[in-house]
Amino acid sequence: IINAFRYATKYAPSDVTLCYNDYSCYSPAKRKAICKLIDEIKACPDARIDAVGMQSHVKMTTPVTGPNSYEEAVETFLSHGVNVQVTELDIANANKAYSSIMLKAKYKEYFKLFLKHRAKEGIPGITGVTIWGVSDNRTWLNNQKEYQGHTQYPLLFNEDYSVKQAYYGVLEAVKFADSE
């Protein structure tokens, strides 16, 4: 992996963001391993790393804040001097019944976190958020064995592309951030 960053540093244009992207980055053990990798890349004089991509296939039960949370992972990566890119965000109801109100609240909670830690000039922060799909009819989660028998509704739009309450949770988070 370090050689990949060395070669990318040497051959990619200098304005290209070099990002390590992985899943379950909010897991304490994985987070620790990624931080070790960041430090090793930064110690290499002919390599650079600009960001960590956090593949974010999360569940309603994934803690957003507090100990061993998503926010703790974001703050840890930022403290290592790299930006964070939230990638592949979707929120599974998992083996629980779907609740549009709970999904809205969870999206709002995540987006408040993302906006709280957004990048500012010269200070590492969250530089992008990518949602894993548009509507629930194309979610990959319904093909996962662990959710068999429990239909997943993880995105911002219904199967017919009508707006879900979760969409408004995102807008409320933005409005909240703008008012601060």
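It should be emphasised that the depicted structure is a prediction, and the values quoted were computed from it without experimental measurement.
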Would you say NZ of K120 has more than 12 non-hydrogen atoms from neighbouring residues, nucleotides or ligands within 6.0 angstrom? yes

Tell me every residue that passes side-chain contact (heavy atoms from CB on, under 4.5 Å) with P13, counting only those two or more places apart in sequence or in another chain. D15, V16

Suppose we screen for side-chain contact (heavy atoms from CB on, under 4.5 Å). Which residues come up paired with E146, at least two apart in sequence or across chains? K59, Q144

Contacts of type side-chain contact (heavy atoms from CB on, under 4.5 Å), residue K106, not counting sequence neighbours: M60, V64, I91, E109, Y110

Identify the heavy atoms of L155 and D136 that sit nearest to each other, and give their distance. N-OD1, 3.0 Å

Can any side-chain N or O of S24 pair as donor or acceptor with the backbone N or O of S27 at less than 3.5 Å? no

Any ion pair linking K112 and E172 (charged N to carboxylate O, less than 4.0 Å)? no

Kindly indicate, with the supporting measurements, whether the criterion side chain to side chain donor-acceptor pair (under 3.5 Å) is fulfilled by N21 and T87. CA-CA 8 Å; N21 192 42; T87 65; 3.0 Å; yes

Which heavy-atom pair separates H150 from A94 by the least distance, and what is that distance? CB-O, 3.4 Å

Where do G53 and C25 come nearest, in terms of heavy atoms and distance? O-SG, 3.8 Å

Should we say atom OH of Y161 is surrounded by more than 12 heavy atoms from elsewhere, each under 6.0 Å from it? yes

Residues which pass salt bridge (charged side-chain N to carboxylate O under 4.0 Å, His left out) with E88, listed by chain and number, not counting sequence neighbours: none

Note: Y107 and A166 closest approach over all heavy atoms is CD1-CB, 3.5 Å

Between the side chains of E159 and R138, is the shortest nitrogen-to-carboxylate-oxygen separation below 4.0 Å, so that they form an ion pair? no

Between N83 and A119, the two heavy atoms sitting closest are OD1-CB, 4.3 Å

Minimum heavy-atom distance C44-I2, with the two atoms named: SG-CG2, 4.3 Å

Please enumerate all residues that pass side-chain contact (heavy atoms from CB on, under 4.5 Å) together with L171, with sequence neighbours excluded. Y167, Y168

Going by the side-chain contact (heavy atoms from CB on, under 4.5 Å) test, name the single residue among I41, I34, I49 that passes it with V82. I49

Is there a donor-acceptor contact under 3.5 Å linking the side chains of Y70 and S56? yes

Within the distance-only criterion (no hydrogens, no angle test), does the side chain of Q152 pair as donor or acceptor with the backbone N or O of N93 below 3.5 angstrom? yes

My understanding is that a hydrophobic cluster links ILVMFWY residues whose side chain heavy atoms are under 4.5 Å apart, including indirect links. Using that, what else belongs to the cluster containing L141? W132, W140, Y147

Answer yes when D22 and K30 have at least one side-chain N-carboxylate O distance shorter than 4.0 Å, and no when they do not. yes

